[in-house]
Amino acid sequence: MNALPNALPSATRHQYFSFARIGAIASNTLLELIRLKVFYFILIFALVMISSSFFLVKLSFQAQFQVLKDVALGAMSIFTWLLAVLSTAMLLPKDIEDRTLYTILAKPVPRFEYLLGKLLGVLLLLFVALSLMSVLFVVVLYAKQQSAIAELTAHAAPGAMSAQMSAQIQDILSQTFTWNLVPGIIFIYLKAALCASLTLLLSTFASSTIFTIMVSVVLYIIGHVQPIARDYIMHNTQGASPAMIIYLSLISLLIPDLTAFSLVDDIAAGTAISTILFVKTAGMGAVYIVVYFLVGYFVFWAKEL
Amino acid sequence: MSTPAISIQNLTKEYSVPFRRERVTAVKDLSLTVEPGQVYGLLGPNGSGKSTTMKIVLGLVPPTSGKTEIFGRDSVEVDSREDVGFLPENPYFYKYLTGEETLHFYGKLCGLKGAKLRDRARELLRLVGLEEAADRRLGGYSKGMLQRIGLAQAMVQEPRLLVLDEPTAGVDPAGSREIRDLILDFKKRGITVLLCSHLLGQVQEICDRIGILHRGVLIREGRLDDLISIENQTEIILENASPELLGEIQALIAKTPARVLDQRKPHTTLERYFLDVTGSQ
């Protein structure tokens, strides 16, 4: 019982912003989600990838690669979004319900750091999950590419390598791995990160996890259909009332056009993404992540625990 | 004169009721001071405002009016929490962390790191008797073990003030005794303790001073001995007194205006009896 020294005034000077504290909360959040076994969904992704590659054997090589990329990027987008929403929605309510939040905020931890740590933990999780899915995707794509080349050379006469066959092999190589896969995956990440930030904002004032998830899903859908409404207004301003125009403009401002991040079709088709479009879309994503987080912080700052 | 560990001045807290104009007053014009080294018991029935007062002291809830300070620093400021350790009622820490990981996590939040943090965690695990359970996840801890790891996390940054909300709620008598001994040990070391408890017997054993809250108002406050002693009565406990001696004392008393109200053998407490019986098995 002699382990404790006598009570003395605190010798440490409080830091108003500490990366160490944020890092502790972020790594703990990542650990929480990992130990909740959220990565099991990657097995489902693997199943989708492997099974879809088997079902494509009857198609031409070009069509096989296109569909494979389409399925993989689509699945990556949905899985990362689901992971973002489901894991973020439960973080705050669980800490409040279990009173763990009290023990953390009773330490010299500002609410800003707590919330930022939580968000960074989820962003780390999304990064790890998307990296794993990308590796799996690349492995399946590479295996498919090699089997396509092997099949092509098997049908050729031994020792003969015609110019036509070289062109076909080159065609296969260029159709499988293209540089625009990278911005495509970055956009999937940004979209999921944006949804995580939005879900965190919702959870600062929502009364339950289910409510947070439902509203987040509804906003995700609105984010995908709002460009249609926007186009409609732009082309039919005479038919819409001013109130309707203001209302839809406000929605467009509050919820970004999530279809801007869906470049799967372009990537699968091999269309190059321009640098301007990339910077513009990535910038929009980053701004919305920061804005949602800051609004969430102000709500959380005023929240009576 | 030293700075009070806790200073509460004219504290009032009102909550708004959703969809209603009226407001509920949880704490009304509360003023009290806890001096360094004291064990202060805040008592009151459910809904009397104890938890709200504690939350305001810890800066978790802002006051409607009034001010609270911890060692002279406003509770609203984050840095005031450098000197405070808090154990909430029925805490559920992160179940996926082991005992040692839990202390590392809370230590990092207080700016500890490296060898100092590891040594401190081991020290605290030894102090609360959880060395053997250090590598077990909290999901497998009993209620008493959770309270003890809770006390350890509250002590991680060596605070001068501990705020404990029902620290022995739901814990068996042996565990409850251990926690009480720990609090007494903190007291010996000069650590100030603000304790909220429904277990009045326990409060009586360890607190120097108490305050009784009722409907948000502090209705009694003072040194425990002053509040509960009966001024016109005296208690003498004798050991090995013969019947002759008792007779003489009775005769002596009969010559004075004083009268004997009760004469009986003192009882041990049920807790002590229970611990003696279960400890000998």
Side-chain angles (χ1 to χ4, degrees), chain A residues 1-38 91 94-114 117 121 205 207 300-305, chain B residues 15 36-37 55 58-62 71 77-97 101 104-113 120 122-124 126-127 137 150 153-161 163 165 181-182 185-186 188-192:
Chain A
M1 296 287 271
N2 291 321
L4 280 175
N6 289 334
L8 291 169
S10 171
T12 53
R13 192 176 155 78
H14 177 71
Q15 284 179 293
Y16 286 93
F17 188 82
S18 161
F19 287 110
R21 286 195 296 254
I22 296 168
I25 295 169
S27 56
N28 185 57
T29 306
L30 178 66
L31 189 68
E32 175 178 9
L33 295 167
I34 289 172
R35 290 194 181 167
L36 281 172
K37 299 183 173 62
V38 290
L91 288 177
K94 196 166 177 290
D95 270 12
I96 294 173
E97 199 182 312
D98 291 351
R99 298 189 183 91
T100 324
L101 182 66
Y102 296 163
T103 59
I104 294 172
L105 295 182
K107 299 285 182 204
V109 179
R111 291 189 184 194
F112 179 82
E113 288 181 7
Y114 169 79
F205 59 82
S207 50
F300 187 58
W301 175 74
K303 194 179 176 84
E304 298 208 341
L305 299 169
Chain B
Y15 289 104
K55 284 180 184 176
L58 292 161
L60 297 172
V61 172
F71 292 105
E77 302 298 325
V78 176
D79 62 354
S80 68
R81 278 159 244 160
E82 283 201 316
D83 267 326
V84 190
F86 175 52
L87 175 67
E89 187 184 357
N90 296 321
Y92 291 91
F93 299 103
Y94 294 119
K95 285 178 191 163
Y96 54 86
L97 293 180
E101 284 170 343
H104 284 177
F105 171 63
Y106 285 99
K108 282 179 194 166
L109 296 182
C110 299
L112 297 174
K113 57 185 172 184
R120 181 75 186 141
R122 274 194 289 267
E123 207 175 280
L124 285 166
R126 194 165 51 243
L127 179 83
R137 289 196 188 175
Q153 70 75 27
M155 287 297 296
V156 78
Q157 83 274 32
E158 300 179 35
R160 285 188 288 167
L161 170 66
V163 179
D165 192 2
D181 289 346
L182 277 169
D185 187 49
F186 298 150
K188 269 190 214 157
R189 293 167 197 282
I191 294 166
T192 314

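The greatest number of non-hydrogen atom pairs below 4.5 Å with chain B, out of A/Ala106, A/Ala302, A/Ala24, is found for A/Ala106. By number of non-hydrogen pairs under 4.5 angstrom with chain A, the leading residue of B/Val163, B/Leu97, B/Val84 is B/Leu97. Between chain A and the residues B/Glu101, B/Lys113, B/Glu77, the largest count of heavy-atom pairs under 4.5 Å involves B/Glu101. Between chain B and the residues A/Asp95, A/Asn28, A/Ile22, A/Asp98, the largest count of heavy-atom pairs under 4.5 Å involves A/Asn28.
Interatomic distance, CZ of B/Phe93 versus OG1 of A/Thr100, reported as 7.5 Å (0.5 Å rounding). Note that the CD1 atom of A/Ile25 and the CG atom of B/Leu109 stand 5.5 Å from one another [nearest 0.5 Å]. Rounded to the nearest 0.5 Å, atoms CZ (A/Arg99) and CD (B/Glu89) are 6.0 Å apart.
Counting heavy atoms of neighbouring residues, nucleotides and ligands inside a 6.0 Å radius, atom CD of A/Glu97 does not exceed 12 of them.
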Set out, in order, the CA-CA distance, both residues' side-chain angles and the distance that settles side chain to side chain contact (heavy atoms under 4.5 Å, CB included) for A/Ile104 and B/Phe105, then state yes or no. CA-CA 10 Å; A/Ile104 294 172; B/Phe105 171 63; 4.0 Å; yes
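For B/Tyr15, the part sitting under 4.5 Å from any heavy atom of chain A is the side chain, from C-beta outward, and nothing else. Heavy atoms of B/Lys108 lying under 4.5 Å from chain A belong to its backbone as well as its side chain.
With A/Thr103 contributing its side chain and B/Phe86 its backbone, the two residues share no donor-acceptor pair below 3.5 Å.
Considering B/Arg81, B/Glu82, B/Gln153 in turn, B/Gln153 is the only one that fulfils the side chain to side chain contact (heavy atoms under 4.5 Å, CB included) rule with A/Lys107.
Every residue two or more places apart in sequence or in another chain that forms a ring pair (Phe, Tyr, Trp, His ring centres under 6.0 Å) with B/Tyr96 is listed here: B/Tyr94.
Contact between B/Val78 and A/Pro110 at its shortest, heavy atoms only, is CG1-N, 4.0 Å.
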